[in-house]
Amino acid sequence: MSYRDTSNQSGDISERAVSLELIRRGWHVLEPISRDAVYDLVVDMGNKVFETVQVKTMCGNSITKVVDRSGERVSANGKMRESLDYAEHEVDWLVGYRKEDNKCFFYSLANYSEIQTKSFSVNKYPPDEFPTREVPNRHARTQTGEPQ
């Protein structure tokens, strides 16, 4: 089956790119079963600690922090949607993905929740550093040539 529109395709590409970056940083990445979840990904940080991640496809250098859905209907004659502020829902990380250079910009809740606008520029607000975990290489050899 093909995509119905570029918006869904773009979102899927962004989520996969951020997921891959998190895996490169040494983490397990989980996805919610429901599309109704307020976050896109969950990162297993170990020791029973999990952090939520919302991925946003960037337009230039801008990341959307609040999605304004007011006036949008869920279905024909359905209820009206409301704006969605990821900070109000305490999503741990807001990550912008810029497809032009395949770059991820990570913002912690403590940082992006303080930004007073609905969207912001990564040039004006520097991103946070998402933690990296060193993954052991069980196939590495010691200096004597023996497996570890």
Side-chain angles (χ1 to χ4, degrees), residues 1-140:
M1 181 176 203
S2 59
Y3 281 94
R4 289 183 300 196
D5 61 63
T6 57
S7 177
N8 285 339
Q9 181 187 34
S10 180
D12 284 352
I13 290 169
S14 297
E15 286 177 29
R16 297 303 171 265
V18 171
S19 183
L20 184 57
E21 178 60 26
L22 291 165
I23 292 168
R24 278 191 195 105
R25 292 174 185 241
W27 304 110
H28 286 197
V29 180
L30 313 169
E31 294 183 25
I33 292 173
S34 174
R35 300 274 306 158
D36 281 342
V38 73
Y39 48 82
D40 295 317
L41 305 169
V42 177
V43 182
D44 182 346
M45 306 296 287
N47 297 323
K48 299 179 184 175
V49 174
F50 297 88
E51 299 206 359
T52 53
V53 175
Q54 174 61 38
V55 176
K56 301 308 293 178
T57 303
M58 294 173 63
C59 183
N61 292 318
S62 182
I63 298 176
T64 301
K65 181 186 121 160
V66 177
V67 177
D68 187 5
R69 292 181 173 157
S70 53
E72 182 181 315
R73 291 203 181 271
V74 175
S75 61
N77 299 320
K79 67 177 184 175
M80 302 294 273
R81 285 188 167 174
E82 297 184 18
S83 294
L84 179 61
D85 184 337
Y86 300 109
E88 285 181 7
H89 290 279
E90 297 182 340
V91 174
D92 298 307
W93 292 89
L94 183 65
V95 183
Y97 174 69
R98 190 168 59 199
K99 60 186 173 185
E100 292 80 16
D101 57 0
N102 193 35
K103 200 160 180 194
C104 300
F105 298 86
F106 292 84
Y107 289 84
S108 67
L109 175 60
N111 189 356
Y112 81 84
S113 65
E114 296 299 315
I115 300 171
Q116 298 301 311
T117 56
K118 289 183 178 183
S119 64
F120 61 92
S121 170
V122 297
N123 294 335
K124 183 174 180 181
Y125 297 96
D128 295 306
E129 188 59 42
F130 194 89
T132 298
R133 178 182 165 268
E134 191 65 37
V135 178
N137 182 351
R138 61 186 178 102
H139 298 291

Looking at [X], I want to see if its [atom1] is surrounded by more than 12 non-hydrogen atoms of other residues, nucleotides or ligands under 6.0 Å.
X: Asp101; atom1: CG; result: yes
X: Glu134; atom1: CD; result: no
X: Glu90; atom1: CD; result: no
X: His89; atom1: NE2; result: yes

Quick one, [X] and [Y] - any side-chain contact, counting heavy atoms below 4.5 Å?
X: Lys99; Y: Ser10; result: yes
X: Met58; Y: Tyr97; result: no
X: Tyr86; Y: Val67; result: yes
X: Met45; Y: Phe50; result: no
X: Val53; Y: Val55; result: yes
X: Ser119; Y: Ser62; result: yes
X: Asp85; Y: Lys65; result: yes
X: Glu88; Y: Val66; result: no

With salt bridge (Lys or Arg N to Asp or Glu O under 4.0 Å) as the test, would you mind laying out the steps for Glu129 and Arg25 before giving the verdict? CA-CA 11 Å; Glu129 188 59 42; Arg25 292 174 185 241; 3.0 Å; yes

Interatomic distance, [X] atom [atom1] to [Y] atom [atom2] [nearest 0.5 angstrom]:
X: His28; Y: Ile23; atom1: NE2; atom2: CD1; value: 8.5 Å
X: Glu21; Y: Arg16; atom1: CD; atom2: CZ; value: 15.5 Å
X: Tyr39; Y: Glu51; atom1: OH; atom2: CD; value: 13.0 Å
X: Leu20; Y: Leu22; atom1: CG; atom2: CG; value: 9.0 Å
X: Lys124; Y: Ile115; atom1: NZ; atom2: CD1; value: 9.0 Å
X: Ile63; Y: Thr57; atom1: CD1; atom2: OG1; value: 10.5 Å

Using every non-hydrogen atom in the two residues, find where [X] and [Y] come nearest and quote the distance to one decimal.
X: Asp40; Y: Pro32; result: O-CD, 3.1 Å
X: Cys104; Y: Val18; result: SG-CG2, 3.9 Å
X: Trp27; Y: Pro131; result: NE1-O, 2.9 Å
X: Gly46; Y: Asp44; result: N-OD1, 2.9 Å
X: Ser113; Y: Gln116; result: O-NE2, 4.5 Å

Does Tyr107 have its ring centroid less than 6.0 Å away from the ring centroid of Tyr112? no

Consider only side-chain N and O atoms of Gln54 and Trp93, and report whether a donor and an acceptor are under 3.5 Å apart. no

For Thr52 and Asp92, test the side chains for any donor-to-acceptor distance below 3.5 angstrom and give the result as yes or no. yes

For Leu30 and Leu41, what are the C-alpha separation, side-chain angles and deciding distance, and is it a side chain to side chain contact (heavy atoms under 4.5 Å, CB included)? CA-CA 6 Å; Leu30 313 169; Leu41 305 169; over 6 Å; no

Test side chain to side chain contact (heavy atoms under 4.5 Å, CB included) applied to Val91 and Leu109, step by step: CA-CA 7 Å; Val91 174; Leu109 175 60; over 6 Å; no

Hey, what's the ring geometry for Tyr125 with Phe120, parallel, tilted or perpendicular (30° and 60° as the breaks)? perpendicular

